[in-house]
Amino acid sequence: MTRNYCSQTGTFPAVRMRRLRYNKLVRELVQETTITPNKLIYPLFVRSGKGIRTPISSMPGVFQLSIDELVREVNVLKDLGIGGILLFGIPETKDACGSDATSDNGIIAQAVRAVKDAVQDKLMVVTDLCFCEYTDHGHCGILADLAGHIDVDNDATLKIIAEQALVHARAGADLVAPSGMIDGMIGAIRTAFDQNRFEHLPIMSYSAKYASGFYGPFREAAESTPQFGDRRSYQMDPATAEQALREVELDLVEGADIVMVKPAMAYLDIMRMVREHFPNVPLAAYNVSGEYSMVKAASERGWIDESRIVRETLTAIHRAGAGIIITYWAKDIAQNVL
Ligand code: PBG
């Protein structure tokens with residue numbers, strides 16, 4: 001559709017668009033998008049042990065923390081006004097069905113209890129709900145031989161997803177974020193919650209999660225690299241867009257409260273599509289590890305200005321339609337050091 005703006009607003013020289021840009025005050029007045037810390041979620045990685053703060057070499061500024069260090073961290077974060085933290089657990093032992101994730105004494109259950117104890121209602125605790133960090137094979141569920149090819153067994157995985165969700169709920173998570181791209185996962189979690197007096201607990205679904213090379217550095221941080229194959233049989237193909245709308249719709253029908261597009265920078269078109277088709281649904285975007293590492297690497301070389309790039313990127317993600325952004329820069333933005 002062609003729109004003729006000039007017939008409504010006049011033309012040059014009566015109209016000069018530069019008037020709305022001539023100084024900082026007027027530019028800020030007409031801004032349509034602002035970045036505020038309370039819309040940002042900060043991912044954190046927790047592992048067992050004491051006094052541990054292991055740097056992730058591919059993600060400068062990101063660490064694996066033991067629970068005591070995590071508690072120190074959240075005591076700082078709780079006063080910064082950020083939207084929340086997103087917790088990933090790295091268990092001491094991994095097995096074929098990720099047992100640590102379904103135990104009330106597993107790493108994530110212990111971490112959530114410790115964090116909630118420290119921060120109470122001052123900080124939202126979101127939990128990533130997936131099995132790739134917990135399985136010895138590194139895939140996002142239980143494996144099965146499906147007529148000659150080894151793959152994630154969808155429906156068997158749904159059973160342990162429901163158990164895992166209840167572990168997170170009992171530990172005190174404020175919001176769960178299932179990221180496995182298992183068909184029916186939202187329905188399974190919703191049913192488990194509703195049958196166990198957690199009907200109030202919301203779900204943020206990684207609805208349109210693409211099989212992406214941008215997750216590379218995260219897999220070092222979470223120790224979740226698949227030991228064989230890849231995730232293309234469950235995560236979305238980057239060459240599809242319309243499927244994202246079906247994924248979102250199914251999740252909403254199953255009871256998702258917030259939907260997500262992931263990664264962010266290369267998928268702004270998907271966010272825009274979701275926003276236009278589902279204008280009333282809260283939409284999140286995950287500004288993933290590879291997006292972070294690329295900017296860090298280039299800024300370390302002095303090739304780009306990190307602060308400008310980060311602010312421009314987060315603005316673009318908001319502009320594309322995501323109100324909530326998960327980003328490793330959340331703390332820096334909130335502390336205004338970026
Ligand atoms: C799965 C999960 C992944 C990320 C978030 N949740 C990795 C994957 O799907 O392989 C990636 C996040 C990032 O790259 O920052 N538990």
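Both ligands and their constituent atoms are indexed starting at 1 by order of listing. Since the model is a prediction, treat every value here as computed from it, not as a measurement.
- What sits closest to atom 10 (O) of ligand 1 on the protein, heavy atoms only, is R219 NH2, 2.6 Å.
- Listed by number with element, the atoms of ligand 1 under 4.0 angstrom from any heavy atom of R231 are 8 (C), 9 (O), 10 (O).
- Within the listing of ligand 1, atoms 5 (C), 6 (N) sit less than 4.0 angstrom from a heavy atom of F88.
- Within the structure, ligand 1 lacks F131 among the residues with a heavy atom less than 4.0 angstrom away.
- Atom CG of D121 is surrounded by 12 or fewer heavy atoms from other residues, nucleotides or ligands within 6.0 Å.
- Under 4.0 Å from ligand 1, the heavy atoms of C130 that appear belong solely to its side chain.
- When each atom of ligand 1 is checked for a heavy atom of C132 under 4.0 Å away, the hits are 1 (C), 16 (N).
- Here the shortest heavy-atom distance to atom 12 (C) of ligand 1, taken over Y234, Y215, Y206, F218, belongs to F218.
- Annotation: cation-pi pair K296/Y328 absent, no NZ/CZ under 6.0 Å from the ring centroid and within 45° of its normal.
- Below 4.0 Å from some heavy atom of K209 lie the following atoms of ligand 1, by number and element: 1 (C), 2 (C), 3 (C), 6 (N), 8 (C), 9 (O).
- Closest to atom 14 (O) of ligand 1, if we only count protein heavy atoms, is S289 OG, 2.7 Å.
- At a threshold of 4.5 Å between non-hydrogen side-chain atoms, the residues I258 and L175 count as touching.
- Salt bridge E242/R246: absent, no basic N to carboxylate O contact under 4.0 Å.
- A heavy-atom separation below 4.0 Å is found between E133 and ligand 1.
- Ligand 1 has at least one atom lying under 4.0 Å from a heavy atom of K262.
- Heavy-atom proximity to Q235, at under 4.0 Å, picks out these atoms of ligand 1: 8 (C), 9 (O).
- Here F45 and F218 bring their ring centres to under 6.0 angstrom of each other.
- Contact annotation: for Y292 versus ligand 1, there are no heavy atoms closer than 4.0 Å.
- Side-chain atoms of H139 do not come within 3.5 Å of backbone N or O of P226 as any donor-acceptor pair.
- Between the side chains of Y234 and R231, at least one donor N or O sits under 3.5 Å from an acceptor N or O.
- Comment: R308 does not engage E306 in a salt bridge, judged by the lack of any side-chain N to carboxylate O separation of less than 4.0 angstrom.
- Using a 4.0 Å cutoff on heavy atoms, S224 does not count as a contact of ligand 1.
- The aromatic rings of H200 and F198 are tilted relative to each other, their planes meeting at an angle between 30° and 60°.
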